[in-house]
Each structure stands twice: as C-alpha cells, then as structure tokens.
Amino acid sequence: MAAFNLTPSDPSTFILTGIPGLEVAHIWISIPFSMFYIIGLLGNFMVLCVVGKEQTLHKPMYLLLCMLALTDITMSTSVVPKALCIFWFNLKGITVGGCLTQLFFLHAGSMTHSAVLVTMAFDRYVAICNPLRYATILTNARIAKLGLVGLTRAVLLILPIPLLLNRQPFCANRIIPHTYCEHMAVSKMACGDTTLNKTYGLVIIFVVIGLDLTLIALSYSQITRAVLRISSKTAHQKALNTCTAHICVMLTSCTPFLFTTLTHRFGQGIAPHVHILLANLYFLLPPMLNPIIYGVKTKELRDKMGKYPSRM
C-alpha cells in the first residue's frame, strides 16, 4: 500500500489529482474513459491490420490512415492508462522523469497528428486538382517521407520542452490538478524563471499549428475553386464527398485541441473540472471517431473491414 501514500514532499514525485472537485465521481467518469479508449484502440488496430494485410489498400491514402491511427494510439495511450490508475486505484504519484516523458509523447504525438492532417489535405488537393498526375505525385515512398518529416519536426520541436523543464528546480508543492502532465501545468510547479518555457510553448503552438492550419486552408481553397469549375452536379458531389471524411477528422481533432490550449492560457473563468474534462476529450474522441469516420465514408476500406472479422 506504500504506492498509495505518496506525498508532494517526495523530491522525485509529482501528484496528479485527477479531476478536482469530482473526486467522488472518479469511478463513474472512468466508465466512459475506458470505453472510449478501448473502442479507439480496437478501431485503430483494425485499420492497421486491414491495411497491412490487404495488398489492394497499399495506397497513399490508406498509408496516411495508418499514420493517423498510430498517432491516435500514441496520444491516447500516453494519457488514458495513467488517468484510469488515478480513477480506479488512487495511484496519483508520478516521477518527474515519468511526467516529462508523458509530456513529450503526448505533445509530440499531437504535433505529428497535425502534420498528418496537413499531408491528408495535400492528398485531397492533388486527387481533385491534379487527378491525372496523382499516381506520379503521391507515391507510397513520398508519403512515407512526408510522414517521417512530420515525425522529425515534432521530435525536434518538442524535445526542448522537457529538457528545459528538467533543468528547473521544482517547489515543495508538487500537486498537479490534472489527469496528465501538461506543459503549462508542469511549468507552474517550477520555482525558477519559466519565461523561456512558456514563451517557447506559446510560439510552438501559434507558429506550427498556425502554419499547419494555413496550409490546410490553402489546400481547401484550391479544392473549392476546382470544384466550382465542375459543371456536372454528379462530379461536383463526388469531388466534395472525397473531402468529407478529412474535414470531419479535422473538426474532431482541431476543435478540442484549440479550445483546450487557449482556455488553459486565457480562460481563467472556466471551472477547472470543465477544462480538464474537455482536455481529456482531445485524447479520447478523435482516436475513437477517426476509424469510424473513415470506415463509414471510405467504401473500399469499409468493405475490407467488414470481411476481416469473418476471416479471423
């Protein structure tokens, strides 16, 4: 039982409180948390297995879906298991090293996820605006390289955050009112000057995420222009349908991320438990919904996924 009695005075430990104000409801809150997490894991692993086994799905679009599934698994797994340990077993202690590792994986996964969404927007742009050159512009090898660039960007830009925090002296009060180690929450635990940490984190959000959203917006502005030139209503509808799944995924991912990020820094009037619940939804809803969205909207994937269970 010693693991249950960790205190903030332990110099190597932070205390994650879970959801402040809703401690008595932790068990009930854990039910949707665990259900969403399990459904998300099953859905994303199903996508990975089906695309991996089916040669006909070895195409750029489905390779991007696998990348999206991997980032979803990484983000949710970096947060949800620890949250469930808090809810079920009151295991609130986390080492400083474990906290910074969790911080790195959830933020690097989030940035890689954003890069994948940009690449998917470019994929849709080429498919609609240059359909005859699609096979030559977007090969599997080129998509893999773009994915590697997105991962490298995330690692190089996020790595300084835990490294800078690791050099900070932390105060005696090491209680983090959250279910996971978020950058700003950990920065508040430091006794030293964290201006560089906070400024760097803010710049990363507005520059990188702003750049990604701008590139996505530019892709869709070109797609819209191309679609408006199509005279046939059937072709017009078909072109728009190819973008529906990607737009839905962007809305489920970007909306909670931007809301959580901005309210954490500027939404002082929002109740802490509301903010924390919404922050966790970013790691729960997209991983659960993305396989469903693409399974419903992509006929070829839907047909393969429907046949897969019967072969097992």
Side-chain angles (χ1 to χ4, degrees), residues 1-8 10 13-48 68-110 113 174-186 188-189 249 252-253 255-257 259-261 263-264 267 270-293:
M1 297 295 290
F4 288 75
N5 298 320
L6 292 169
T7 64
D10 187 337
T13 305
F14 287 126
I15 301 298
L16 292 168
T17 62
I19 304 178
L22 297 179
E23 289 85 355
V24 295
H26 273 179
I27 292 296
W28 294 106
I29 294 171
S30 71
I31 296 174
F33 266 61
S34 55
M35 287 179 60
F36 291 173
Y37 178 59
I38 291 171
I39 293 171
L41 285 182
L42 291 175
N44 284 294
F45 276 118
M46 176 69 80
V47 169
L48 292 172
L68 190 68
L70 287 171
T71 59
D72 282 338
I73 292 169
T74 300
M75 288 193 299
S76 61
T77 301
S78 67
V79 171
V80 180
K82 179 58 182 176
L84 293 177
C85 285
I86 296 171
F87 296 155
W88 289 340
F89 309 114
N90 202 34
L91 290 173
K92 299 181 178 182
I94 184 170
T95 64
V96 173
C99 186
L100 296 180
T101 300
Q102 183 189 52
L103 182 153
F104 170 77
F105 276 103
L106 68 92
H107 287 299
S110 178
H113 189 275
R174 298 183 173 212
I175 299 175
I176 301 176
H178 216 304
T179 56
Y180 60 87
C181 294
E182 199 272 337
H183 176 218
M184 291 303 296
V186 177
K188 292 177 181 178
M189 300 296 103
V249 167
T252 59
S253 301
T255 303
F257 172 78
F259 181 83
T260 299
T261 302
T263 54
H264 194 82
I270 298 177
H273 67 273
V274 173
H275 166 75
I276 293 171
L277 283 171
L278 291 174
N280 278 278
L281 287 180
Y282 172 63
F283 299 101
L284 289 168
L285 288 183
M288 180 184 69
L289 294 177
N290 289 346
I292 297 173
I293 291 171

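Each residue takes its place number in the sequence, starting with 1. All values reported here derive from a predicted model rather than from experimental measurement.
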- Ile15 side chain reached by Arg174 side chain, heavy atoms, under 4.5 Å: no
- Query: Which heavy-atom pair separates Pro20 from Ile276 by the least distance, and what is that distance?
  - Reply: CD-CD1, 3.3 Å
- Message: My understanding is that only residues two or more places apart in sequence, or in another chain, count here; which of them pass ring pair (Phe, Tyr, Trp, His ring centres under 6.0 Å) with His273?
- Response: none
- Are the side chains of Tyr180 and Lys82 in touch, meaning some heavy atoms are under 4.5 Å apart? no
- Between the main-chain N or O of Ile19 and the side-chain N or O of His26, is there a donor-acceptor pair closer than 3.5 Å? yes
- Would you check if Val79 and Tyr282 make a side-chain contact, meaning some heavy-atom pair closer than 4.5 Å? no
- Note on the structure: Applying ring pair (Phe, Tyr, Trp, His ring centres under 6.0 Å) to Tyr37 and not counting sequence neighbours gives none
- Task: Kindly assign one of parallel, tilted or perpendicular to the pair His183 and His107, based on the angle between their ring planes and the thresholds 30° and 60°.
- Result: perpendicular
- Has the side chain of Gln102 got a donor or acceptor atom that lies under 3.5 Å from a matching backbone atom of Leu100? no
- Hey, does the side chain of Asp72 reach the backbone of Gly40 with a donor-acceptor pair shorter than 3.5 angstrom? no
- Flag side-chain contact, heavy atom, 4.5 Å: His113 against Leu68: yes
- Message: Taking Thr74's backbone N and O only, do any of them form a donor-acceptor pair with Thr77's side chain (distance below 3.5 Å, no angle check)?
- Response: no
- Item | Donor-acceptor contact present, side-chain Thr101 to main-chain Gly97, <3.5 Å | yes
